[in-house]
Amino acid sequence: MVPLVLFPGGIQAMACILLLLQSAACLQAGNSAGSNKVNAFGVNQPARLSGVQGGSIEIPFSFYFPWELAEDPQMRILWRWKNFHGEFIYNSTPPFINAHFKNRLILNWTQPQTSGVLIILDLKAKDQTTYFCKIMLNTREGMQSWQSISGTQLIISSAISTTMQRPSIVTSAVTTSGLEDTEDHLHSYLVNLGAMVGVVVATAVLITPVCVLMVFLWRKQRPAD
């Protein structure tokens, strides 16, 4: 406050300085907002997904942009794989599918939707890589295109670990069934053996008195020496 007292017009000078600082701050904020508006476009994809060989996977995507669409937007969805500048594997217009993915790619998307799903069927070990979605469309400011930066990393696991457990279960069932069959056969054998022993004993009981009677009669009819 001392300089304002010592120099005439100090208050007016300080007010001008404050106005200049405020204007600079507003200008900077305006430039920042304009920059964000210009760069307000991108593609959303999950960072990582997992699938199993022989199965299928869905890679969802969505995109956003600040421009006003032209009367004929001519929206196109393209997909790359392996890296940001990798080979294209899919193009919605004109229709194109990479030979490696023949009959295995389905794009669930319809213009002018800003979201969709890429479906990969019959997953193979070679499918394990990163996938990038690219957008192209026509706006009132001209044709625009942009792409996902990080993409979606797809991890493919082998189905062997899943199927390896099944034989042990089947073997266990077969073994248990075999033991049950063996026990049944043994039980049946013991029952049959018991029945046979019973018949033999019964037969012996019936035959023994007859034999004794026959011996008695034979000895009685034998002439005395």
Side-chain angles (χ1 to χ4, degrees), residues 35-70 72-139 143-178:
S35 176
N36 290 336
K37 183 177 181 180
V38 171
N39 296 323
F41 57 89
V43 180
N44 295 322
Q45 295 179 219
R48 187 177 292 102
L49 290 174
S50 299
V52 179
Q53 287 188 32
S56 62
I57 195 73
E58 294 184 357
I59 306 179
F61 67 92
S62 62
F63 55 94
Y64 53 95
F65 51 90
W67 308 289
E68 184 179 355
L69 292 174
D72 183 11
Q74 301 178 17
M75 286 187 176
R76 296 171 59 190
I77 306 295
L78 304 93
W79 285 86
R80 299 179 188 264
W81 72 334
K82 298 182 179 180
N83 56 69
F84 185 84
H85 298 289
E87 180 183 11
F88 283 106
I89 63 171
Y90 185 91
N91 190 349
S92 62
T93 307
F96 165 77
I97 295 179
N98 184 285
H100 174 72
F101 294 94
K102 184 178 180 180
N103 299 324
R104 297 198 299 123
L105 287 185
I106 299 174
L107 183 68
N108 188 2
W109 170 82
T110 304
Q111 181 177 305
Q113 295 177 351
T114 57
S115 63
V117 175
L118 178 70
I119 305 173
I120 306 178
L121 306 174
D122 189 19
L123 290 171
K124 303 181 184 303
K126 190 178 178 181
D127 296 341
Q128 178 168 296
T129 186
T130 306
Y131 295 81
F132 303 83
C133 180
K134 181 176 181 178
I135 310 299
M136 296 184 67
L137 50 80
N138 192 20
T139 71
M143 184 65 68
Q144 306 291 341
S145 66
W146 66 101
Q147 178 178 304
S148 170
I149 297 176
S150 57
T152 298
Q153 182 182 5
L154 185 57
I155 300 173
I156 308 297
S157 60
S158 174
I160 296 178
S161 58
T162 304
T163 57
M164 281 296 290
Q165 298 178 358
R166 295 179 180 176
S168 61
I169 296 174
V170 173
T171 302
S172 176
V174 170
T175 303
T176 304
S177 177

Hey, what do you get for [atom1] ([X]) to [atom2] ([Y]), rounding to the nearest 0.5 Å?
X	Y	atom1	atom2	result
Phe65	Ser145	CZ	OG	13.0 Å
Ile120	Leu105	CD1	CG	6.0 Å
Asn108	Gln113	CG	CD	7.5 Å
Asn103	Ile97	CG	CD1	7.5 Å
Lys134	Phe61	NZ	CZ	15.0 Å
Gln147	Leu78	CD	CG	9.0 Å

Report yes or no: does [X] contribute a side-chain atom to a donor-acceptor pair with the main-chain N or O of [Y] at less than 3.5 Å?
X	Y	value
Thr152	Gln45	no
Ser50	Leu154	no
Arg80	Phe132	no
Gln128	Ile156	yes
Trp79	Ile89	no

Identify the two heavy atoms, one from [X] and one from [Y], that lie closest to each other, and give their separation to 0.1 Å.
X	Y	result
Asp122	Gly54	OD1-CA, 3.7 Å
Leu137	Met75	CB-CG, 3.9 Å
Phe41	Pro66	CB-CD, 4.0 Å
Ser150	Thr130	O-CG2, 3.6 Å
Ala125	Gln53	CB-NE2, 3.8 Å

Checking side chain to side chain contact (heavy atoms under 4.5 Å, CB included) against Arg104, which of Asn98, Asp127, Ile119 comes through? Asp127

Is there side-chain contact between [X] and [Y], with heavy atoms separated by less than 4.5 Å?
X	Y	value
Thr93	Gln111	no
Ser115	Pro60	no
Gln144	Trp67	yes
Ser62	Thr114	no
Ile77	Ile135	yes

Angle between ring planes, Trp81 versus Tyr131, binned at 30° and 60°: parallel, tilted or perpendicular? tilted

Pair listing, salt bridge (charged side-chain N to carboxylate O under 4.0 Å, His left out) test, anchored in residues 149-159, at least two apart: none

